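Quick notes on the structure that follows.
Naming: A, B, ... by sequence-line order, numbering from 1 per chain. Values in this document were obtained by computation on a predicted structure and should not be read as measured data. Only this structure's heavy atoms are used, side chains among them; waters, hydrogens and symmetry mates stay out.
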Amino acid sequence: MNKNGNSYTFIYASVMVVVVAALLSAAAISLKPKQVKNAEIEKKQNILASVHIEATATDAESLYEQNIQKAYVVNAAGEEVAGDAFTVDLKKERSKPLEQRILPVFECQTPEGLKYILPLRGTGLWGPIWGYLALNEDLNTIYGVNFDHQGETPGLGAEINTPAFQEPFRGKPFSMPRESWWPSSWPSQMRRPPQNTRSTPFQAGPSPVRGYSRCCWMISPLTKNSSPGKNQHYER
Amino acid sequence: MSDKDSLFSAKNLKLLSDPLNSSNPITVQVLGICSALAVTAQLKPAIVMAISVTVVIALGNVIISLLRNTIPNRIRIIVQLVVIAALVILVDQVLKAFVYDVSKQLSVFAGLIITNCILMGRLEAFAMSNKPWQSFLDGLGNGAGYGLILIIVGFFRELLGSGSLLGFRIIPESWYITNGGVYANNGMMILPPMALITIGLIIWVQRSRNRKLIEN
């Protein structure tokens, strides 16, 4: 058969496409369970990291069973509703109006008391960023945080998942004087709040939900690379 | 009928060693600059990227070399592209399944290996007209040359831009201005323009040492 003829070219292209498609689908389907498991284990590691429990990929599951005693789902009014906290997809919830969202809450009993862990999700510069916020029982003081991102720049936005970025959140209360909102090591231009934002501190209350959608506010300015004077868009 | 070279004859070994210096894909062939700027802000993603690209080039070269006599001329580039894309997707899926933390390091850059000019360049220039073993060695050599430049650039960018290497602190905390010292990280080094200037400096050094590379 003539290698450069029309029919040969056509058959060759068709066979190649079918072979490659079959190969890739087979690989994707057979590897999917492992990939889903890896993502779950990483989620458990992140939840544990927000309460300062170090977990490797091998012991993450057992540490999670031991330490996270309760996981439940609340609606926008703060009432507990039915649902599996671990599998709630915050990306879908964020696209719903506030009254219709269902939000997961995890509880961990540590030697320093009961801690509430709230998953967060917001918008970074290049893609979504998410995290887990562990609050003390007073629901005003941060016990620990853990952040992660999809595609931020290494050395810049990607720093949010380093301990150096996450440690200073520890012990900070939600209602606190504006001067102490940022680490003192930052230069003064970065310590001013951006314009067009709330100038009053948050209202903390007995319901974990009230601080919830506002937590997404917290992490956005810390990763966006714009100067303090520019208009910032915040998720409410 | 061509005479068969032994597997590791001098001519074959030249395929491995040339791309490290005199025909380096980044500094001499000037291919693959984009990823050299993007992933070298830190050393660890640079190393992971170099290994992934080497694997993909070597396998891609072998596959195209095995198919080279059957590919119709009119869809030559498309076939090469399909092979590269399929390999990169496979590598990405395997990384996500077996070494999840490494794939998190690469994040979006794993898929961008498809756009790396070195792959298409080597497939078209070498694998389409050479035997599988030679193509494999050429792929390894070019991958190694690419990796060498990536590691050098990543080394300087992370050291001067963050004061660390592979995540370990190299410049002591006490030297920094915020802690009472006089040193500050060079913030420009983390941004892509400085990576381009670093590569330019490497090209300068290379051409001073090897006059033959200078174009007239």
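When Thr178(B), Ile89(B), Val82(B) are compared by the number of non-hydrogen pairs under 4.5 Å with chain A, Val82(B) comes out ahead. Heavy-atom pairs under 4.5 Å with chain A peak, among Leu67(B), Ile71(B), Asn69(B), at Ile71(B). Among Leu191(B), Val79(B), Ile177(B), the residue with the largest count of heavy-atom pairs under 4.5 Å with chain A is Val79(B). Counting heavy-atom pairs closer than 4.5 Å to chain B, the top-ranked of the candidates His149(A), Lys34(A), Lys32(A) is Lys34(A). Most heavy-atom pairs under 4.5 Å with chain A: of the set Ile75(B), Asn179(B), Val94(B), this distinction falls to Ile75(B).
Gln45(A) does not touch chain B: none of its heavy atoms, backbone or side chain, sits under 4.5 Å away. Contact annotation for Val83(B): neither backbone nor side-chain heavy atoms come within less than 4.5 Å of a heavy atom of chain A. Heavy atoms closer than 4.5 Å to chain A are found nowhere in Ser164(B), neither backbone nor side chain. Heavy atoms of Asn161(A) lying under 4.5 Å from chain B are absent altogether. Neither the backbone nor the side chain of Val39(B) has a heavy atom closer than 4.5 Å to any heavy atom of chain A.
In summary, Arg121(A) and Glu93(A) do not engage in a salt bridge, as defined by a charged side-chain N under 4.0 Å from a carboxylate O. In this structure, Glu61(A) pairs ionically with Lys44(A), as a charged nitrogen and a carboxylate oxygen lie closer than 4.0 Å.
The minimum heavy-atom distance linking Leu16(B) with Leu20(B) is given by the pair O-CG, 3.9 Å. Taking each heavy atom of Pro19(B) and Gly141(B) in turn, the nearest pair found is CB-O, 3.4 Å.
The neighbour count for Tyr100(B) OH, taken as heavy atoms of other residues, nucleotides or ligands under 6.0 Å away, is above 12.
Ser50(A) contributes no side-chain N or O that, together with a main-chain N or O of Leu133(A), makes up a donor-acceptor pair within less than 3.5 Å. Side-chain atoms of Arg101(A) come within 3.5 Å of backbone atoms of Lys96(A) as a donor-acceptor pair (strictly under, hydrogens ignored). Distance alone, capped at 3.5 Å, places no donor-acceptor pair between the Gln80(B) side chain and the Ile64(B) backbone.
Scanning residues 13-22 of chain A against chain B with a 4.5 Å heavy-atom cutoff picks out Ala13(A), Met16(A), Val20(A), ordered by number.
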(request) Given salt bridge (Lys or Arg N to Asp or Glu O under 4.0 Å), test Glu158(B) with Lys44(B) step by step and report yes or no. (result) CA-CA 10 Å; Glu158(B) 193 178 356; Lys44(B) 192 160 172 206; over 6 Å; no
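Looking only at atom types and distance, the side chain of Arg209(B) has no donor-acceptor partner in the side chain of Asn21(B) under 3.5 Å away.
Ring centers of Phe147(A) and Phe169(A): under 6.0 Å apart, within the cut-off.
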